[in-house]
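Take a look at the structure set out below.
The first residue in the sequence is number 1, and the count goes up from there. Side chains included, hydrogens not; waters and symmetry mates left out as well; all remaining heavy atoms used.
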Amino acid sequence: MHKPLILRFDDIGAEMLPLVGGKAANLGVLTTAGFPVPPGLCVTTEAYRRVTERAGLEEVLTTLATTAAGDVPALNSLAAKARELVLSAPVPDDIASAVRDSANGPVAVRSSATAEDLPHASFAGQQDTYLNVIGADAVLDAVRRCWASLWTDRAVAYRAANGIGHDAVRLAVVVQEMVQSEVAGVMFTANPVTGRRREAVIDASPGLGEAVVSGAVNPDHFVVDTATGRITERRLGDKRLAVRSLAGGGVEHVEAPADPATSPESPESTENACVTDAQLAALAELGDRVERHYGAPQDTEWAIDSGGVLWLTQSRPITTLYPIPHHSEPSADPPSVPGDAGAGETRSLDSRRGGSEPDGARIYFCFSLAQGLYRPITPMGMSAFRLLSSSVFEMLGIPVADRVAGAPVIAEAGGRLFFDITGLMGGRVGRVAFPKVLDVMEARSAKVLRGLLDDPRFGVTQPSLRPPLRRAFRIASRFRVPQRAVRALLDPASAHRDVKVLDARLRRELAAPGDATPAQRLDHVERVLSRQVFPLLPTVAPAAAAGFAMLGLAAKALGDRVGPGELQTVLRGLPHNVTTEMDLTLWRLATRIREDRETTSLLLGTPAAELAERFRAGSLPGVAQRGLADFLSVYGVRAVAEIDLGLPRWSEDPTHIVGVLANYLRLEDPALAPDALFAKGAAEAVLMIKTLSGRAGGLRGRFVRFALGRTRALAGLREMPKYAMVTALAAMRTEVLAVGVELAARGLLSRADDVFFLTFREARAALAAVPSLEASAPPSREAPATAGAARPALTDLVARRREEAARELRRRHVPRVLLSDGTEPEAVAVRTPVDGALTGTPASAGTVTGVARVVLDPVGAHLEPGEILVCPSTDPGWTPLFLTAGGLVMEMGGANSHGAVVAREYGIPSVVGVSGATEHIATGQEITVDGTSGAVTVT
């Protein structure tokens, strides 16, 4: 089919992204929708394809495919070669004529790549833009240079960092009527630093918008509440630089004298703002309409001409916002909102704009992070948590309408599990008790939650203590919790016997019958997770709780007789900890292997993946083969990120454990051996008990000795509830995987483990949709026609979710606590700047301490991993340095400038607009960058 070389904006739809690239597709959508977009056209990717298909890029593409994202010198060399090839390629006459014919008056020539303005990566400024281009030859030359800019060092590095294939990207070029703006800038329709939706963040400066976008100027900065139109923040910049058009083409940079009315000492002054309050209201209203149209927050560029007309020159999704948690299960249907940003925003238009299914403001706590799990959870893993939550609520006496959908507190966002704790924090007990629990397991979250206690939206809604106390009494009575705790205190050995009984029971009762059908296996999984697992846990949890209760009582008895950290010493080398026992078991295996020199040499000299393959084939040397098999027979239910049912257990893939085993073999110092360290810790704990009891003396001392002794006998059982849960999840994974095998056999999935990228409901629906293959059918027999019809839908869904998971794996920041309007409380916490700190504009939340590297020119500059980049300003040419930077400090720019946008995308803390940063900070100094408060401290 013939593909056009030129398309006008009003002929471009969102579905044309492969032909016109991200920027042109958005401009076409906005033009068709009636937004005030300057008219223009697009030189399509077909023109780029025809120009470059004979340029000889194949060798460069092949080499790039195998070049590591962190190998910046190699990437730069290949990028330079590609640019040279593209610039030297001849332009066919029909393409040249079509481009020349588009040159009517001053135009902006802008790159529009097919991997650009995407939901997960904005590619802000990665390709080139040429402003105020006049004349046919100049336009053709600008188009050629845009084509070549697909291969700039920064664009190649950015694609490599975001996992986007170089061979899959093509470039279109936008040729758009120039707006000779009096004032221009950038507007985010949600706050990119705090995450708060329905809050327009506007940076403005006189002249063309390039000064703001590039970070070359300290702009006027405004925050507008979109719902009310109220200006909630106003900070004027010095606006020392303006970019203006030249009469003959091109632009000039004009410096303006400093104005005392806009000095840092008078940031609230309104006299010299470059936009009026009425214009700010119009901008916020325009941004709101654009967001409504796309159904997701937008990063826009705008301009106001000499006649006061407001123009929209660009809109793209904000890629750095963390999605708002949603309570509903994910839909198998792709997003249907035109131009939907998709990746991460929730499932309905209202929730995209900052709401959530339940009414009112909500508090979401990230359970994934509390469990040390940064990676996203698979859809089937999330379904498992929904089922488990139903069991918990029914234990609490709260009926759940739909067990598969889970308890109403369950929510998810970005593949992470969140709990809606609004109700919990609204109760007199919960708002005190829950942060105290978190003090032990996730102290930062506890601090954030305590910071919300004074927020009027989250006041006490359940003042009575009776309901939670009644619920606690019912559970304690039902599961005989007090009796179990007292029995454990009187006879710790009985608690240890209970643990062994529970472990044996789990392994015996969790498996479905061998002849169960796939549907029956799903029934079994639903029954176990929603009804059977959690009721088993009270058989062991009271013993560990009693142990820690005795620790608390000992602390009370000791009073000021105990020094800082002394009670923590009592917890060293705790016995009966299943995780510690696992580690020591693996160490003992390493010790046995070390006695066999040949086996030791094999494990130390062979990649872990190859050793794991040999183990599965049964070809490891005897001591390693038998020892590893024995270890996995007990601990093979475990895994890295083991709370996700969708991830392989060590029994399926022992690569990680083989690697740990090899590392143990490399340990030469006997004093650092795990068993030696454990024994040392245990001895220190016993000595501390003797010291503290002696210090207390008399009857008090005898009680302290008894209490701390029981702590050591029982507190190690704290890991057992989670281990029991992991054991259950591993067994349920086996059942679900069997369903995956069946679905793959029916032709519905490409491979069995694709089933973990379906939800529980979807797997059941897939089984019901297609009849089972006859058992007698030969392996080569094709699946029924209905399976052939259903297969693309499921395989496409799985592929899309695998791609989403891969993107989420690259996410650098996950909030501990998130509000339903998108606000991350930790990012808006008011902090008092440290005396002597340099201050600027918060641009990317977070805090980092590291070595400063002052860079005035990016050419030839190098940053060691983790160093903090300190520079005057950045444009896209600085992007490769961001790959290794631990933080960013800029003298110029606002929260919406290029450097700030990229810092947020890369997840590194950033402060911009720090006056004199390159003078006050020297390379090699240790500095702390607080991207939340806007402070930079030299330590």
TODO: Could I get the full list of side-chain hydrogen bond (donor to acceptor under 3.5 Å, both in side chains) partners for R718, not counting sequence neighbours?
DONE: none
Task: Interatomic distance, L645 atom CG to I377 atom CD1 [nearest 0.5 angstrom] - done: 10.5 Å
- [ ] Tell me, please, which residues at least two apart from L687 pass side-chain contact (heavy atoms from CB on, under 4.5 Å).
- [x] T691
Open item on the list: Between the side chains of R801 and E762, is the shortest nitrogen-to-carboxylate-oxygen separation below 4.0 Å, so that they form an ion pair?
Closed with: yes
Task: E652/R733 ion pair, N-O < 4.0 Å - done: yes
Open item on the list: Working note: V486 + Q483, criterion side-chain contact (heavy atoms from CB on, under 4.5 Å); need CA distance, chi angles, decisive distance, verdict.
Closed with: CA-CA 5 Å; V486 170; Q483 295 93 318; 5.9 Å; no
Open item on the list: Under 4.0 Å between a side-chain nitrogen and a carboxylate oxygen: does that hold for R616 and E613?
Closed with: yes
- [ ] May I ask you to check whether over 12 heavy atoms, not counting those of R594, lie within 6.0 Å of atom CZ?
- [x] yes
Open item on the list: In terms of relative ring orientation, are H656 and W650 parallel, tilted or perpendicular, with 30° and 60° separating the classes?
Closed with: parallel
TODO: Could you pull out all residues at least two apart from E610 that satisfy salt bridge (Lys or Arg N to Asp or Glu O under 4.0 Å)?
DONE: none
Task: Sidechain N-carboxylate O distance under 4.0 Å for D503, R508 - done: no
- [ ] State whether the side chain of T711 and the backbone N or O of L551 hold a donor-acceptor pair below 3.5 Å, judged by distance alone.
- [x] yes
TODO: Without swapping roles, check the side chain of Q371 against the backbone of S368 for a donor-acceptor pair under 3.5 Å.
DONE: no
TODO: Keeping to residues at least two apart or across chains, list the salt bridge (Lys or Arg N to Asp or Glu O under 4.0 Å) pairs with something in residues 512-526.
DONE: R521-E735, D523-R764, E526-R764
- [ ] Please round to the nearest 0.5 Å and tell me the distance separating atom CE of M582 and atom OH of Y723.
- [x] 8.5 Å
- [ ] Taking salt bridge (Lys or Arg N to Asp or Glu O under 4.0 Å) as the test, write out the residues that go with R572, two or more places apart.
- [x] E684
Task: ring-ring contact (aromatic ring centres under 6.0 Å, His included) partners for F615, two or more places apart - done: none
Task: Steps toward side-chain contact (heavy atoms from CB on, under 4.5 Å) verdict (R811, E808) - done: CA-CA 5 Å; R811 188 184 289 275; E808 284 297 329; 2.7 Å; yes
Task: Donor-acceptor contact below 3.5 Å, side chain T734 vs main chain A730 - done: yes
Open item on the list: Name the residue from L589, L603, D583 that meets the side chain to side chain contact (heavy atoms under 4.5 Å, CB included) definition with Y664.
Closed with: D583
Task: Partners passing side-chain hydrogen bond (donor to acceptor under 3.5 Å, both in side chains) against R710 (at least two apart in sequence or in another chain) - done: none
Task: Partners meeting ring-ring contact (aromatic ring centres under 6.0 Å, His included) with H813 (sequence neighbours left out) - done: none
- [ ] Taking atom types as modelled, find out whether T378 and D644 have a side-chain donor-acceptor pair closer than 3.5 angstrom.
- [x] yes
Open item on the list: With side chain to side chain donor-acceptor pair (under 3.5 Å) as the rule and sequence neighbours excluded, what pairs involving residues 626-640 come up?
Closed with: T579-R638, R638-E642
Open item on the list: With a 4.0 Å cut-off on N to O distance, would you call R746 and E742 a salt bridge?
Closed with: yes
TODO: Mind checking side-chain contact (heavy atoms from CB on, under 4.5 Å) for R761 and listing every partner two or more places apart, or none if nothing turns up?
DONE: E329, D402, V404, A405, T759
Task: By salt bridge (Lys or Arg N to Asp or Glu O under 4.0 Å) - contacts of R505 (at least two apart) - done: E509
- [ ] Would you please name every residue forming a salt bridge (Lys or Arg N to Asp or Glu O under 4.0 Å) with R802, sequence neighbours left out?
- [x] D753, D754
